[in-house]
Structures are given as structure tokens and as C-alpha cells.
Number of protein chains: 2
Amino acid sequence: MTQQSVTMADVAKAAGVSRTTVSFVLNGRMEANIPEATRERINQTARMLGYRPNAAARTLASKRSAWFGLVTEIATSPFATDVIKGAQRSAWKDGNFLLIAPSDDDPGMEMLAVEKLLEQQVGGLIIATTWHREIIVPENAKSVPCVLVNCFDAEGEFPSIVPDEVAGGYAAAEILARAGHTNIGHITVAQGIPAQIGRQTGMKQALRDHGLSQEESKIVAGDGTADSGYHGTQELLAQPDPPTAIFCGNDRIAMGAYDAIKELGLRVGEDISIVGFDDQEILAPHMRPKLTTIALPFEEMGMAGVSLLNQMVEGSPIENRQITIGCPPRIRSSVAMHGQR
Amino acid sequence: MTQQSVTMADVAKAAGVSRTTVSFVLNGRMEANIPEATRERINQTARMLGYRPNAAARTLASKRSAWFGLVTEIATSPFATDVIKGAQRSAWKDGNFLLIAPSDDDPGMEMLAVEKLLEQQVGGLIIATTWHREIIVPENAKSVPCVLVNCFDAEGEFPSIVPDEVAGGYAAAEILARAGHTNIGHITVAQGIPAQIGRQTGMKQALRDHGLSQEESKIVAGDGTADSGYHGTQELLAQPDPPTAIFCGNDRIAMGAYDAIKELGLRVGEDISIVGFDDQEILAPHMRPKLTTIALPFEEMGMAGVSLLNQMVEGSPIENRQITIGCPPRIRSSVAMHGQR
DNA sequence: GCGCGTTACTGAATCGTGTTAGCAAATCTG
DNA sequence: CAGATTTGCTAACACGATTCAGTAACGCGC
């Protein structure tokens with residue numbers, strides 16, 4: 001109500017030209033060579049009248065919308081924020097919008113979300129998960145360009161963007177090896193997920209490359225919780241030849257590890273070195289000592305997702321369908337030099 | 001491209017009726033009394049043909065869109081997620097969408113964000129901040145119903161939804177008082193913000209109501225960081241008559257407090273009781289012992305924002321323009337009984 | 001003064017839906 | 001059985017843009 005809404009026709013009348021001309025000018029169509037004087041006049045009157053384009057009309061007429069859809073499990077994790085942030089920023093730069101729809105990790109819900117987004121005429125779709133895993137992409141998602149972020153489909157049919165877990169695990173172990181540690185423990189996240197497999201694989205490779213061996217007993221299975229970090233650390237430190245450093249599968253595990261270490265009267269970053277994974281913004285930099293960890297590049301993944309989508313929408317050929325994004329180390333204070341170098 | 005897009009006209013032709021009839025049936029216009037048989041036939045063919053309504057056309061024709069705009073500082077804080085989550089859920093229920101635009105705490109950016117959202121024909125606007133404070137609402141936000149979440153304008157011109165800081169502070173202090181503590185410390189968040197003022201006010205009231213007094217020295221000014229919690233706690237515990245319980249202005253402060261307490265060889269939840277504020281999902285339940293704290297009702301605020309917006313869009317009278325939402329206590333394990341009851 | 005190319009525009013169709021006004025047939029009313 | 005009402009549907013315009021196909025005016029060479 002009270003929608004006075006100035007239209008192009010109003011601007012055209014006020015400027016004494018046709019709708020078409022106004023459209024050309026406001027969209028910067030230079031090939032319709034409208035002289036500078038007219039352009040200026042039209043822009044002036046548009047501004048004076050407070051003209052605001054109607055996106056719905058534009059979408060309808062041009063059959064191209066300014067929206068991408070993002071389907072994600074906002075319900076569960078704060079991680080989603082960063083993906084949204086990155087995607088949002090990247091889309092915004094090109095004048096695009098993000099329509100966010102919840103999937104809640106329920107296939108039915110997810111299909112509905114996609115359906116609703118398609119009704120909104122989204123030009124492309126991003127499906128993002130909060131933890132790196134394989135998913136089944138809803139059938140209807142195929143009616144429009146679609147990119148997977150932090151997940152992948154079994155057939156590799158969709159382009160996907162995932163963190164480089166292996167390189168991340170490698171970096172984590174290398175930090176400890178470079179600091180002179182030779183007896184390194186590891187507490188894993190939940191068994192069988194890409195994060196666990198990748199990080200552990202990377203760690204083993206790094207240790208080999210640095211000429212270090214690691215007994216099986218130095219790898220304890222956790223489940224990603226702080227509790228599992230606490231108990232895992234107790235288990236490691238109770239061994240006859242306890243490790244001097246622990247690579248924790250994620251930051252929450254590291255949090256539990258801190259507690260266990262302190263309870264034993266030892267000092268994190270002096271007696272025992274710790275490296276985490278994830279770089280949780282409200283955790284890692286606030287721990288005492290501040291946690292050295294490997295960051296999950298959620299924001300970059302979101303940005304990459306949108307730019308990949310842009311390419312697909314424009315019909316550019318996609319060279320790389322499976323993109324991995326590096327996990328940068330965040331060096332803080334939980335790792336100490338050990339022994340002679 | 002390859003937009004086969006089945007339209008209403010296609011459905012109409014296939015069903016042997018006019019487009020108008022299809023529109024009536026699909027929109028459930030009962031007053032146009034179409035007999036059950038015809039309705040069924042149209043629904044069938046629509047489903048068979050895979051008809052998907054075009055939201056842009058609908059928005060254009062009906063002059064009412066199915067989406068609300070949410071302007072927020074996604075850039076800075078994980079808190080935003082919960083507001084988005086609540087708003088999203090609430091909107092989704094009514095078939096509405098949320099368009100998210102970043103404000104990045106920059107007035108120019110914010111105006112642009114609002115402008116862009118208005119171009120998208122949003123039916124209403126939510127402006128949300130990550131921390132409770134006063135804001136200046138951009139002028140153009142007035143062209144559509146607008147609700148403030150977690151913030152407010154100086155003139156009270158806009159309906160706003162904020163957490164009940166005072167009641168939260170009251171609850172926090174009461175938990176400690178009820179546990180038998182009589183010597184209670186407090187470490188504040190940044191000076192002068194509503195969170196600091198409200199929580200402190202609530203605390204003082206609770207202590208008065210429980211017949212307790214509190215020396216000025218037992219309130220130390222922090223800045224919301226874990227570091228300030230660490231040093232604040234050291235300061236409090238170094239006093240000649242140290243408190244047996246500390247109400248920390250937020251969970252990060254509590255995190256620092258834990259570290260300081262443990263370093264002194266004391267036990268949290270046994271020797272010293274702690275209550276936090278915010279209930280940060282990835283922090284509070286994972287601390288050791290698990291932190292008793294007061295939750296900030298972000299999700300509820302988001303939901304309340306959307307439903308208030310719905311009322312406004314429908315033209316219902318708004319009875320309450322300044323809504324405060326309660327901050328529920330989350331009782332965990334960081335508070336112990338003290339002394340005789 | 002004719003043909004041709006450029007410049008600076010305009011008219012009209014189109015996008016897919018909502019919505020009002022109205023019409024023919026069927027049914028009811030008295 | 002005439003007139004009024006209801007039932008079941010349709011024609012046509014509107015919404016606010018984009019875009020294609022012109023076209024009138026002008027300059028220019030010959």
C-alpha cells in the first residue's frame with residue numbers, strides 16, 4: 001500500500017522520451033547510441049522522481065534472474081555462516097542475490113527447498129553442508145546449474161568444492177615435526193568420514209616425509225566432541241612412552257585435550273604441544289594458550305561456489321569440476337619447540 | 001536456456017479450460033466455485049506436465065512478493081546464524097522467503113543493501129545486529145514495514161525486538177544466590193552497551209531481593225574477551241575476601257575465568273562457581289565443567305521479527321512496539337552449593 | 001536529387017500471472 | 001413458465017520491465 005512506485009513509463013513521460021529509450025539508458029546499453037545529453041537528462045529525471053527498478057518485472061521480461069539459491073542446514077551448525085558469508089559477498093559483487101532455504105538434512109525438506117527456489121526463478125543453485133560428506137542430490141536440482149559446497153555426489157555428476165583435508169592433515173603434522181617432535185599422537189574425529197580419513201592420511205604422509213614413524217597406539221579414535229579429546233588425551237599420556245605433541249582432529253577435541261593436560265599439571269604449549277583443526281572463530285583464538293590450528297576455508301568455498309556458478313550460468317566451459325580448497329594453518333601459541341634441532 | 005518451463009497456458013490447453021480457470025484452481029480460489037471434477041482434472045494435468053509457478057510473474061501481477069529482506073552483519077559474528085535460522089523457519093512456514101543482504105556495519109553499505117532489497121519488491125524488512133545496541137535506521141527503510149531485531153532506534157519509531165538483559169542478569173545472580181553464595185563477583189562486558197548496563201542492573205536487583213550486598217570492588221570492568229575474564233578473575237581472587245562465585249558478563253569471559261581458576265589450583269564448580277551469559281553453542285556445553293549460563297534468544301528473536309512483520313504487512317494493529325524476549329537460564333555444572341542453607 | 005549509411009530514437013510484442021467484469025446455461029422461485 | 005439467481009467458466013486488461021524491428025531525419029558522395 002501507498003506504493004507510489006515510479007515506473008519507467010513515468011520517467012519516460014517526464015523526460016519526454018519513450019520507455020524504450022529509458023530502458024536503454026538505465027541499463028547502459030551503449031550500442032543504442034543515445035547521446036550524452038539525453039542520457040544525462042534521463043538519469044536526472046529518474047533520480048528526481050526516485051525511480052526504483054522492479055526486479056520482478058525485469059526477471060519476467062528478461063527471463064534471467066539476479067538470484068542464486070543456497071540450500072543449507074542452517075539448523076545445526078554455526079559453520080554455515082561462513083559459507084553464506086562468502087557466497088553472499090561474492091554474489092553481491094555482481095549484483096546478485098542469495099535466496100537461502102533450509103534443508104535440515106531431510107531429503108523431503110531438501111527437495112521442497114529446491115522446488116521453492118526454482119519457483120523463484122533462481123539462475124543457479126548451491127547445495128552446502130555443514131560437514132564434509134557425500135550426499136544424494138535431489139533430482140529437481142538438475143533443472144538449473146548446480147554446485148555442491150563442502151559435499152559431493154557419488155557419481156561426480158555435479159561440480160563440487162571441498163576442503164583439502166589431506167593437505168590440511170599434512171600441514172598439521174608438519175608443524176609438529178618441524179618443531180622437533182618425534183613422538184606425535186593423534187585423536188581422530190568420527191570414524192569413516194572424509195575429514196577423518198583425509199586428515200589422518202595427510203598426517204601419515206607428513207610423518208613419513210619427515211622420516212618419522214608412528215605406532216598404532218598413538219592414534220586414538222575420537223568422535224569429535226570435547227569429551228573424546230579429554231579422554232583421548234588421558235589415554236595417550238598414560239602410555240609408557242607418551243607423545244610430546246598431539247594433533248587433534250578438530251578444535252573441540254583440542255579443547256578437551258587442554259583440560260586433560262592441565263589436570264595432569266602439565267602446560268599446553270610447553271610440556272605438550274597441540275594442533276587443532278577447523279579454526280573455530282569463537283574458540284581457537286580465545287583458548288589459553290591460543291590454539292595453533294588448521295582453518296577450514298568455508299568462506300572461500302562459498303565464494304568459489306558462487307563464481308563457479310557464475311561461470312556455468314554464462315556458459316563458460318568448466319575446466320575443473322572437483323575443486324579442493326587449501327586449509328591454511330593458523331600459527332598461534334600451542335606448539336613449542338622440542339628437543340635439539 | 002533449455003527453459004521448457006510449462007506455463008499456466010500450457011496446463012489450460014491440456015486440460016481444455018481457460019487460463020483463468022487454471023489460475024483459480026491452482027490458487028484455491030473457492031469463491032469461483034469450480035466443481036470438484038474440474039479441479040481434480042486441472043490439478044492432475046498440472047502435476048503431469050510438471051507445472052511450476054513463476055514467482056516473478058506472480059509478484060509482478062499481484063504486487064505482493066513472497067519474500068522479506070533481512071539486513072545483517074553476517075561479516076562479523078556467528079550469532080547471526082541463529083537470527084537467520086529463526087527468521088528463516090518462521091518465514092518458510094508461511095511460504096515466505098528471506099533475502100539476505102550484508103550491512104557490514106557501514107551506513108553506506110546498509111543503505112545500498114536496503115535499496116537493493118526494495119528493488120526486489122520485498123514485502124517487509126528486518127534489520128538485525130549481532131550485538132544489542134542503538135542504530136540509525138537508513139531513511140529508505142521506511143518505504144516498507146520494518147522491524148529491528150537485537151537493536152533499536154533512538155526515537156522508538158520502529159518496532160524492535162531485543163533480549164531482556166535485565167531479567168537475564170537477574171536470573172544469573174539469582175542462580176548464585178539460591179546456591180547459597182553471599183560473596184559474588186562480576187566481570188562486565190564492554191562499558192556502556194545495553195548488555196553491560198542491563199545485566200549489571202539485573203544482577204544488583206537480584207542481590208538486593210535476596211538480601212545480599214556487594215562491594216564495588218567485586219565488580220570489575222572487562223571488555224568481553226577471554227583475556228579480560230582471565231585477568232578479571234585473577235583480580236577478584238587476589239582480594240582479601242575473594243568471592244566464591246563469579247557472574248561473567250559473557251561466555252568468553254567465563255572461558256578466561258576457568259583458566260585463571262584452574263591455574264590457581266582451584267576447581268570450577270566446586271571451589272568457585274561460575275555463571276556465564278550468551279550460551280554460545282560451541283563453547284558453553286563443551287567447557288569442563290559444562291558452563292551454567294544464560295541464553296541469548298537469537299532464534300526466538302528472529303522468529304518474533306518475522307511474525308511481527310507478517311502482522312504489519314497484513315495491516316493488523318501492533319499492540320506492542322518494543323518487545324523484549326526472555327533469556328532462559330541453562331543450568332549445567334559450573335555452579336555448586338555453598339555454605340549452609 | 002538519388003541512394004546509402006548513420007544517428008537517435010519509437011512502437012509494439014512479449015514474459016507468465018492475477019483479477020475484474022461478464023456471459024451462457026442450468027437451476028430455482030413464485 | 002417467466003424471471004431471478006446460481007453455477008461454471010472465459011475474455012481482456014494489467015503489472016513493469018526487455019527487446020526486436022523499424023523509421024524519420026540528417027549528412028554525404030556522386
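All heavy atoms count here, side chains included; hydrogens, waters and symmetry mates do not.
Atom pair B:K13:NZ and D:dT10:C1' shows a separation of 16 Å (rounding to whole Å applied). Between the CZ atom of B:R64 and the C1' atom of D:dA14 there is a distance of 16 Å, rounded to whole Å. The distance from atom CG of A:D10 to atom P of D:dG16 is 9 Å, rounded to the nearest whole Å. Atom CG of B:N54 is separated from atom P of C:dG18 by 10 Å (rounded to the nearest Å). Separating the CG atom of A:L26 from the P atom of D:dT19 is a distance of 14 Å, rounded to the nearest angstrom. Straight-line distance from the CD atom of B:E36 to the P atom of D:dG8: 12 Å, rounded to whole Å. Rounded to a whole Å, the CD atom of B:E31 is 15 Å from the P atom of D:dC9. Atom pair A:N27:CG and D:dT19:C1' shows a separation of 11 Å (rounding to whole Å applied).
Within the structure, every side-chain polar atom (N or O) of B:R19 is placed at least 4.0 Å from both OP1 and OP2 of C:dT19. In terms of phosphate contacts, A:N33 brings no side-chain nitrogen or oxygen within less than 4.0 Å of OP1 or OP2 of C:dC9. For C:dT10, the OP1/OP2 oxygens have a side-chain nitrogen or oxygen of A:T21 closer than 4.0 Å. Here B:S5 reaches the OP1 or OP2 of C:dG16: one of its side-chain N or O atoms lies under 4.0 Å away. Within the 4.0 Å cut-off from OP1 or OP2 of D:dT10, at least one side-chain nitrogen or oxygen of B:S18 is found.
Remark: side-chain polar atoms of B:D153 are not paired, donor with acceptor, to backbone N or O of B:I136 under 3.5 angstrom. When atom types are taken as modelled, the side chain of A:T45 and the backbone of A:A15 share no donor-acceptor pair closer than 3.5 angstrom. Judged by distance alone, the side chain of B:N140 and the main-chain N or O of B:M111 form a donor-acceptor pair under 3.5 Å. Here the side chain of A:R58 pairs no donor or acceptor atom with the backbone of A:R64 at under 3.5 angstrom. Of the possible donor and acceptor atoms, none in the side chain of A:S90 sits under 3.5 Å from a partner among the backbone N and O of A:G86.
Atom CZ of A:R133 has more than 12 neighbouring heavy atoms from other residues, nucleotides or ligands inside a 6.0 Å radius.
Under a 4.0 Å N-O distance rule, the pair B:D10/B:K13 does not qualify as a salt bridge. The existence of a salt bridge linking A:K142 and A:E155 is excluded, since no basic side-chain nitrogen approaches an acidic carboxylate oxygen closer than 4.0 Å.
Take the nearest nucleotide of DNA chain D for B:T38 and for B:S62: the residue whose nucleotide is more 5' is B:T38. Comparing B:A57 and B:A32 by the nucleotide of DNA chain D that holds the closest heavy atom to each, the one mapping nearer the 5' end is B:A32.
For A:K63, counting side-chain heavy atoms from C-beta on, the closest listed nucleotide (C:dG18, D:dG16, C:dC15) is C:dC15. Considering only the side chain of B:T20, C:dT20 comes nearest among D:dG8, C:dT17, C:dT20.
Residue-level contact check: B:R39 touches neither bases nor backbone, having no heavy atom under 4.0 Å from any strand. Using a 4.0 Å heavy-atom criterion, one finds that B:R29 contacts the sugar-phosphate atoms exclusively. Among the protein residues, A:T59 comes within range of no part of the nucleic acid, since none of its heavy atoms lies under 4.0 Å from any strand.
Taking five base pairs at each end of the helix from C:dG1-D:dC30 to C:dG30-D:dC1, the local helix axes there meet at an angle of 50°, rounded to 10°.
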